Every structure is written in structure tokens, then in C-alpha cells.
Participant: 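First, the structure itself, so that you have it in front of you.
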Protein chains: 2
Amino acid sequence: MTMKPADDLRRSVLDASLALIAERGLAGLSMREAARRAGVSHQAPYHHFGDREGILAAIVGEGFVELAADCRAAIEGIDDPIARLEACGQAYIRFAMRRPAHFKLMFRSEHVSAPRHDEIMAKGESAFDLLIRTAHDAAVGGIGEADDALAITSWGLAHGIATLLIEGKLEKKCGDDPRAQLAAAMQALSTFSAMQRAARKKV
Amino acid sequence: MTMKPADDLRRSVLDASLALIAERGLAGLSMREAARRAGVSHQAPYHHFGDREGILAAIVGEGFVELAADCRAAIEGIDDPIARLEACGQAYIRFAMRRPAHFKLMFRSEHVSAPRHDEIMAKGESAFDLLIRTAHDAAVGGIGEADDALAITSWGLAHGIATLLIEGKLEKKCGDDPRAQLAAAMQALSTFSAMQRAARKKV
DNA sequence: ATGGATCACTAGACAGTGTCAAGTTAAGAA
DNA sequence: TTCTTAACTTGACACTGTCTAGTGATCCAT
């Protein structure tokens with residue numbers, strides 16, 4: 001199943017957009033500049049995406065699929081539920097570091113309105129829900145009874161660490177080296193796991 | 001010490017900007033519309049803020065001061081270090097809910113570049129560092145030895161929960177009612193505190 | 001095969017934006 | 001009185017997203 005030329009332009013506009021975002025940030029993405037780089041008229045992208053938001057929605061969709069795949073791969077072969085949860089969090093944070101623009105678009109409400117683009121969001125979010133469910137199951141299996149609260153706590157921790165990391169807010173505490181920051185992030189996750197294990201043994 | 005007319009316009013442009021953001025979101029803030037609402041020409045705001053970013057920087061500065069004050073007030077009169085940390089996190093999350101636009105501007109790197117506006121950021125961030133130090137001290141006092149890791153973990157949790165909350169990502173798990181979402185957020189914090197206490201007793 | 005519809009795209013225009021440059025007006029200092 | 005500076009206004013420029021109106025090509029039913 002080869003790509004049709006139509007999808008070809010769609011793909012190259014999308015790639016040009018991602019490159020643009022990588023260079024100039026999220027606000028630096030412009031329909032016209034993306035079209036320019038793809039070598040087409042300023043209106044060509046509209047035929048494939050309808051809207052500026054359409055491009056962002058496409059990026060979000062790809063992001064959710066990739067994140068879910070990352071998480072699935074990370075927990076494969078791990079049995080201990082708390083270790084699974086930690087591995088999942090690690091994948092979450094590594095994804096945020098590898099694709100910061102995707103991550104921001106995925107978890108900010110203002111760029112892509114969920115009601116529109118619901119088919120894309122649904123595809124992505126169903127994959128994402130699996131991720132959350134994994135975390136949830138792991139948490140429940142680990143601690144015994146506390147249901148939603150622990151899942152939200154785990155998600156919140158991973159999400160917060162990831163956010164602080166890609167926004168550069170850990171620089172003051174960990175220095176400029178991204179690897180040192182990543183190490184600190186991972187240490188936060190393992191601290192959380194340790195606390196979880198302690199709480200479990202106590203009960 | 002009364003306000004000079006100059007500061008008067010500065011203030012009203014700032015208020016118009018905040019109203020604009022509340023109505024149309026962060027991207028809906030426009031220099032020209034803010035000027036229009038303040039009843040001045042489209043260039044008048046530039047005299048006070050220099051830049052579009054200047055307005056955002058002013059908002060960020062006010063936000064850091066208010067957040068620090070909130071946190072300080074929250075931990076007042078509480079002795080138990082773990083309880084202090086939890087109260088601090090509660091204040092952090094309540095602030096995010098009360099001033100979502102401030103919160104986003106404060107913790108995103110793309111809107112306001114720290115190197116420029118360093119005087120504003122310094123004023124705000126020194127207040128903010130106090131907040132982090134409080135969390136740090138409380139954490140260290142609580143668990144005994146683990147130093148930076150627990151502070152980052154706590155900060156990450158509060159930040160992540162706050163972010164998910166104001167981006168509406170908890171709606172699927174907690175429903176549309178903001179009070180139910182806030183309750184879930186608080187429950188996540190208390191879950192964390194319980195785990196911290198359990199870990200402490202175990203060691 | 002052929003007429004009509006649909007697809008993929010181009011070209012032009014419009015309102016709106018941030019910001020540079022040049023003027024204006026008023027107040028205060030020398 | 002003259003000079004300087006602050007606090008504006010006015011006008012222009014390049015750029016943006018998006019609406020409208022085209023233009024070939026391709027496909028499909030007759």
C-alpha cells in the first residue's frame with residue numbers, strides 16, 4: 001500500500017510544521033511558512049487540514065499513538081505492579097523529553113479543541129486510556145485498596161515532573177545538563193515507588 | 001503615595017489584558033485590543049511595557065508574589081512538617097485554579113524569556129524559591145535523610161495535579177464539577193502525605 | 001467517448017496583528 | 001525663555017489566518 005501523492009503533500013506539510021515548531025517554538029508555526037517550505041501555495045495545506053488547528057490535531061493524534069506504544073513497550077516483561085507503574089512513568093517522561101512539542105499540544109486545552117477533531121482525539125485517547133488503566137491497575141494491585149486516588153497521584157507526579165523538565169524549571173536545582181535533569185526526574189519516580197512499597201508493607 | 005496618571009494607564013492596560021485573557025484565552029490577548037479597551041491609541045501600551053512580552057512579564061511577576069503569599073499563609077501555624085508540605089501543595093493547587101492564566105504564564109518557558117525581564121522574574125522567583133525551600137525543609141524534616149529528591153517529587157506532584165486540573169484533563173475521571181475535581185486533587189495530596197508518613201515510620 | 005462532478009491545488013483579497021519611525025503636546029529644569 | 005524628557009498619537013510595513021473565486025486534472029456513469 002503505497003502513499004498517494006495527496007498523502008505525500010499532507011506528510012511534507014506536517015513535517016515542515018514540526019521542523020518549524022522545533023526551530024521557532026509552538027507560536028512560530030505558521031500555515032504560510034509551512035506551505036512555503038513544502039513548496040506549495042499558501043492555501044494548499046487548508047485542503048488537507050482545513051484549519052490551522054487541523055495541523056495541531058494531527059500532531060496530537062500521532063503523539064498519543066507514540067506515547068501509548070512507548071508505555072506498552074516499557075512495561076512489557078515486568079511483573080511487579082509497582083515496578084510496572086514506575087516503568088510507565090519513565091516512558092512518559094522520556095516521551096515528553098523526546099517530543100516536547102507533541103507533549104505540550106497533547107496536554108494543553110487551548111490548542112486543539114477536543115469536541116472538534118473528535119475522531120482523531122478518540123483514536124489517540126483510547127490508546128492513552130490504556131496507559132492510564134495500566135497505571136491504575138498497577139497501583140491498585142500494589143497497594144491493595146485505594147482506587148482512583150493512587151492512579152491520579154501517580155499520573156500527576158509523572159505529568160508534573162515531565163512538565164517541569166521540558167519547561168526548564170529543573171535547571172536551577174539540577175544544572176543545565178539534560179542528562180542530570182533526567183536523572184533527577186527518574187530519582188523522583190523511584191522515591192515515589194519506594195514510598196509506595198513502604199506504605200504497602202505497613203498495611 | 002497616590003498613583004501617578006502614568007501608572008494609572010499602566011494599570012488599566014494590565015487589567016484590560018487580564019480581562020481579555022479571561023475571555024479569549026492566552027492567545028486572545030492583543031496589544032491593540034487591550035489599548036482599545038483602555039481607551040488609548042494602539043501604541044500607548046508600548047510606552048509602559050515595551051513589548052507584548054512586557055505585559056506577560058508583569059503578569060508573571062504579580063503571579064509569583066501572590067503564590068508565595070498564599071503558600072506562606074497556608075503553612076502558618078502548622079508544625080508537623082508533612083502537614084506543612086501538604087498545606088503548601090493545597091495552596092499551590094488552589095492558586096492554579098483561581099488564576100489559571102497566571103499559572104500557565106509563570107511555568108511555561110515560551111511566553112516570557114527569563115534573561116530579559118530578569119528584574120521582574122528575580123523579584124518573583126525569590127519569593128517562589130522560599131516556597132520551594134519550605135517544601136524542601138518540610139520534606140527533609142519529615143523523612144530524615146533523602147534531600148533533593150523528595151522536594152522535587154513533592155513539587156512535581158503538586159505541579160502535575162495543578163496542571164492536569166486547569167487543563168481539564170481530570171474531567172473524564174472526576175466529572176465536570178470543578179469542586180469534585182478539586183476534591184480529587186486534594187485527595188491525591190493526602191494520599192501522598194499518607195505514603196510519606198508510612199515510609200517514615202518504616203525507617 | 002463524453003459530459004459532469006469531484007479533487008488538489010493556485011491566486012487574490014481582507015481584516016487583524018506586532019512593531020518601527022516620526023510627529024505632537026505638556027511639564028519641568030537650566 | 002529655551003531645552004529636555006515623558007507620555008502619548010498617527011501612519012506605515014510585513015506578516016498572519018482565512019474567505020472567495022478560479023483552474024486543470026481525474027474519475028465515473030451514461
Side-chain angles (χ1 to χ4, degrees), chain A residues 1-60 101 105 108 110-113 115-117, chain B residues 1-60 101 105 108 110-113 115-117:
Chain A
M1 164 170 152
T2 70
M3 266 197 292
K4 288 188 297 186
D7 292 335
D8 207 21
L9 175 54
R10 188 191 142 91
R11 188 66 246 173
S12 56
V13 168
L14 214 46
D15 288 341
S17 300
L18 287 169
L20 210 48
I21 292 176
E23 283 175 35
R24 309 184 190 174
L26 277 179
L29 167 61
S30 130
M31 294 294 261
R32 296 177 101 108
E33 178 65 22
R36 234 168 269 140
R37 295 197 181 191
V40 291
S41 85
H42 69 271
Q43 275 291 357
Y46 280 81
H47 192 77
H48 295 274
F49 298 100
D51 216 331
R52 194 188 121 105
E53 198 178 310
I55 294 189
L56 303 180
I59 295 175
V60 166
L105 288 174
R108 290 180 183 178
E110 68 227 65
H111 301 293
V112 178
S113 97
R116 299 179 55 198
H117 314 105
Chain B
M1 164 172 152
T2 71
M3 266 198 291
K4 288 188 298 184
D7 292 334
D8 207 19
L9 175 54
R10 186 190 144 92
R11 188 67 245 173
S12 56
V13 167
L14 215 45
D15 289 341
S17 300
L18 287 170
L20 210 48
I21 292 176
E23 282 176 35
R24 309 184 190 175
L26 277 179
L29 167 61
S30 130
M31 294 294 261
R32 295 176 101 108
E33 180 63 22
R36 233 168 271 140
R37 295 197 181 191
V40 291
S41 82
H42 69 269
Q43 275 292 355
Y46 281 81
H47 193 77
H48 295 276
F49 298 100
D51 218 330
R52 194 188 121 106
E53 198 178 311
I55 293 188
L56 302 180
I59 295 175
V60 166
L105 288 174
R108 291 180 184 179
E110 68 226 67
H111 301 293
V112 177
S113 95
R116 300 178 56 200
H117 316 103

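Values reported hereafter were calculated over all heavy atoms of this structure, with side chains retained and with hydrogens, waters and symmetry mates removed. If you're wondering where the values come from, they're calculated on a predicted model, not measured in any experiment. Numbered from 1 within each chain, the chains take letters A, B, ... in sequence-line order.
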Participant: Report yes if the side chains of A/Arg32 and A/Arg36 come closer than 4.5 Å at any heavy-atom pair, otherwise no.
Facilitator: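 Result yes, sub-4.5 Å side-chain heavy-atom pair found.
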Participant: If you define the side chain from C-beta out and look only at heavy atoms, does anything of A/Met31 sit under 4.5 Å from A/Ile55?
Facilitator: yes
Participant: With sequence neighbours left out, write down each residue that passes side-chain hydrogen bond (donor to acceptor under 3.5 Å, both in side chains) with B/Arg108, or none if nothing qualifies.
Facilitator: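 Partners of B/Arg108 by the side-chain hydrogen bond (donor to acceptor under 3.5 Å, both in side chains) criterion, ordered by chain and then number, come out as A/Glu110, B/Glu167.
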Participant: Donor-acceptor check, side chain of A/Arg52 to backbone of A/Leu29, threshold 3.5 angstrom: yes or no?
Facilitator: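 It does hold such a pair.
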Participant: Please give, in whole Å, the distance from C/dC9 C1' to A/Arg10 CZ?
Facilitator: 16 Å
Participant: Tell me: NE2 of A/His47 to C1' of D/dG24, nearest whole Å?
Facilitator: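 After rounding, the reported distance stands at 14 Å.
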Participant: Using a cut-off of 4.0 Å between protein heavy atoms and nucleotide atoms, how would you tag nucleotides 16-28 of chain C 5' to 3' with B, S and -?
Facilitator: -SBBBB-------
Participant: Using the side-chain hydrogen bond (donor to acceptor under 3.5 Å, both in side chains) criterion, which residues pair with A/His111? Sequence neighbours excluded.
Facilitator: none
